[in-house]
Amino acid sequence: MCGRYSLATPAQNDLRARFALGESLEIRRRFNVAPGDDVVAVTTSKEGVARGELLRWGLVPHWAKDARTGFKMINARAETVDEKPAYRGALATRRCLIVADGFYEWQRREGAPKLPWHVTRADGAPFAFAGLWAIWHGPAEQVLRTCTIITTQANARLADVHDRMPVILRDQGEEEAWLDHATPVPVALELLRPLPDELTGRRAVGPAVNDARHDEPDCLDDAPAGGEPAPSLF
DNA sequence: CCAGACGTTGTT
DNA sequence: GTCTGG
DNA sequence: CCAGACGTTGTT
DNA sequence: GTCTGG
């Protein structure tokens, strides 16, 4: 799945050019983005123009009674996203990009603490998750713009760490197709594949990332020696 | 018809 | 809002 | 995803 | 165990 990620790339101007985020959007270096945070995203206006904005991670559908619903909807399964009532409408008209440069997966181990891995593109370049977004009108004048990250089966490169991974669009062409309102849903669904093994990089990291409130560079530090999976005793 | 869910992951 | 289950 | 709470009454 | 908050 995808419950934590990074956008640590220091070159903000490169990000603005690469993803058409606009000049005014504030882009902070993030080492530990968690559900409930405002995240850097690209949506499409009614006129069909891509624009950068901040969306709260955790989709709150327009019919939700309260905003806490979002914590249950941080991911949408690619295999069923066109069937689920909570996502089907968004799939047709509110697809978005969520800008990142890595994500974290926790590997469960017998007799040892869960080991976090930082997964990136093999070349370390920033990328976009395939996402969906929604607008929610709360009590008073409260308006929330929220999003979810689509997940799929993990590729072979990550199979020993976890069985799910977020959908990372492969290139700018796929990103434009995902954002384009003219792309029919069946065509958009074809983009929801695992990143190819040869484009995937991974590195075990230390426990700093475990705490969602800790958003510091040491989240990316190498796992301490002995943190790698020990040979099974049996 | 009304009531209640609407989500994913991992673990038992 | 829309679908499913009762 | 992980971490941390999981409760009520009454008083400030 | 399950829910909430980050």
Side-chain angles (χ1 to χ4, degrees), chain A residues 1-8 28 30-40 54-94 98 100-120 129-138 142-144 146-154 158-168 185 192 194 202-216 218-221 223 227:
Chain A
M1 76 167 304
C2 181
R4 225 72 77 72
Y5 72 88
S6 63
L7 181 57
R28 288 203 299 123
R30 297 298 306 275
F31 308 93
N32 194 359
V33 180
D37 288 353
D38 287 331
V39 302
V40 174
L54 298 180
L55 299 174
R56 181 166 303 181
W57 184 12
L59 189 134
V60 181
H62 67 94
W63 42 257
K65 289 188 185 69
D66 75 88
R68 291 175 304 191
T69 305
F71 283 104
K72 290 187 284 195
M73 302 199 184
I74 64 171
N75 292 137
R77 290 176 65 90
E79 296 90 334
T80 55
V81 68
D82 61 336
E83 304 164 5
K84 298 290 183 182
Y87 298 136
R88 220 183 40 202
L91 179 67
T93 58
R94 292 185 305 279
I98 295 151
D101 59 15
F103 64 93
Y104 298 98
E105 291 287 4
W106 278 261
Q107 181 177 37
R108 291 177 180 277
R109 303 175 293 171
E110 282 194 52
K114 279 175 275 193
L115 178 66
W117 291 79
H118 189 237
V119 182
T120 61
F129 295 124
L132 303 174
W133 64 278
I135 295 187
W136 180 75
H137 295 268
Q142 187 189 11
V143 177
L144 267 187
T146 62
C147 64
T148 190
I149 295 173
I150 298 177
T151 62
T152 186
Q153 186 173 26
L158 298 179
D160 62 323
V161 171
H162 201 66
D163 63 342
R164 305 288 301 170
M165 70 184 294
V167 173
I168 292 173
V185 166
L192 304 180
R202 56 179 247 185
R203 190 170 54 83
V205 294
V209 70
N210 291 356
D211 186 345
R213 293 163 299 191
H214 185 79
D215 183 20
E216 303 293 335
D218 62 351
C219 290
L220 296 173
D221 286 355

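Letters A, B, ... mirror the listed sequences (proteins, then strands); counts begin at 1.
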**OP:** Describe the nucleic acid contact of Asp37(A) in one word from base, sugar-phosphate, nothing, applying a heavy-atom distance below 4.0 Å.
**Re:** nothing

Original post:
With both distances under 3.5 Å as the test, what is the Watson-Crick or G-U wobble partner of dG1(E)?
Top reply: dC6(D)

Subject >> Tyr87(A) OH - dT8(B) C1' separation (whole Å) >> reply: 8 Å

Original post:
How is Ala76(A) classified with respect to the nucleic acid when contacts are heavy atoms under 4.0 Å: base, sugar-phosphate, or nothing?
Top reply: sugar-phosphate

**OP:** Compute whether any side-chain donor of one residue and acceptor of the other, for Asn210(A) and His214(A), lie under 3.5 angstrom apart.
**Re:** no

Original post:
Closer than 4.0 Å, any side-chain N/O of Thr151(A) to the OP1 or OP2 of dT9(B)?
Top reply: yes

Subject >> Nucleotide dG7(B), atom C1' - distance to CD of Glu79(A) in whole Å >> reply: 14 Å

**OP:** Assess the pair Tyr5(A) and Trp57(A): is the distance between their ring centroids shorter than 6.0 Å?
**Re:** yes

**OP:** Figure out the CD1/P separation between Ile74(A) and dC2(D), and round it to whole Å.
**Re:** 10 Å

Subject >> C1' atoms of dG1(E) and dT9(B), separation to the nearest Å >> reply: 15 Å

**OP:** With P as the reference atom in both, quote the distance from dC1(B) to dG10(D) in angstrom, rounded to an integer.
**Re:** 46 Å

Original post:
Would you say Arg30(A) has more than 12 foreign heavy atoms packed within less than 6.0 Å of its CZ?
Top reply: yes

Original post:
Does some side-chain heavy atom of Ile150(A) sit less than 4.5 Å from a side-chain heavy atom of Pro166(A)?
Top reply: no

Subject >> Nearest-neighbour nucleotide for the Asn75(A) side chain, dC2(D), dT8(B), dG7(B) considered >> reply: dT8(B)

Subject >> Spacing between Met165(A) atom CE and dT9(B) atom P, to the nearest angstrom >> reply: 13 Å

Original post:
Rounded to whole angstroms, how far apart are CH2 on Trp106(A) and P on dT9(B)?
Top reply: 14 Å

**OP:** If a pair satisfies side chain to side chain donor-acceptor pair (under 3.5 Å) and one of its residues is in residues 70-94 of chain A, list it, with sequence neighbours excluded.
**Re:** Glu79(A)-Arg164(A)

**OP:** Determine the interatomic distance between C1' on dT11(B) and the same-named atom on dC2(D); round to the nearest Å.
**Re:** 16 Å

**OP:** Using atom types as modelled and distance alone, determine if a side-chain donor or acceptor of Asn32(A) lies under 3.5 Å from a backbone N or O of Cys219(A).
**Re:** no

Original post:
Could you run down nucleotides 1-6 of chain C 5' to 3' and tag each one B, S or - for protein heavy-atom contact under 4.0 Å?
Top reply: BSS---

Subject >> Distance, rounded to the nearest Å, where Gln153(A) contributes CD and dT8(B) contributes C1' >> reply: 16 Å

Subject >> Presence of Arg164(A) side-chain N/O under 4.0 Å of dT9(B) phosphate oxygens OP1/OP2 >> reply: yes

Original post:
Quantified in whole Å, what is the P atom distance between nucleotide dG7(B) and nucleotide dT2(C)?
Top reply: 15 Å

Subject >> Stepwise side-chain contact (heavy atoms from CB on, under 4.5 Å) check, Cys2(A) with Phe129(A) >> reply: CA-CA 10 Å; Cys2(A) 181; Phe129(A) 295 124; 4.2 Å; yes

Original post:
Roughly how many Å is it from CD in Gln107(A) to C1' in dC2(D), rounded to a whole number?
Top reply: 16 Å

Original post:
Within the structure shown, what part of the strands sits under 4.0 Å from Phe71(A) by heavy-atom distance: base, sugar-phosphate, or nothing?
Top reply: base

Subject >> Any Lys114(A) side-chain N or O less than 4.0 Å from OP1/OP2 of dC2(D) >> reply: yes

Original post:
Between Phe103(A) (CZ) and dC2(D) (C1'), how many Å, whole number?
Top reply: 17 Å

Original post:
Thr69(A) near the nucleic acid: base, sugar-phosphate alone, or nothing, with a heavy-atom cut-off under 4.0 Å?
Top reply: nothing

**OP:** Check step by step if side-chain contact (heavy atoms from CB on, under 4.5 Å) holds for His62(A) and Ile135(A).
**Re:** CA-CA 6 Å; His62(A) 67 94; Ile135(A) 295 187; over 6 Å; no

Subject >> Spacing of the P atoms in dC6(B) and dC3(E) (rounded, Å) >> reply: 12 Å

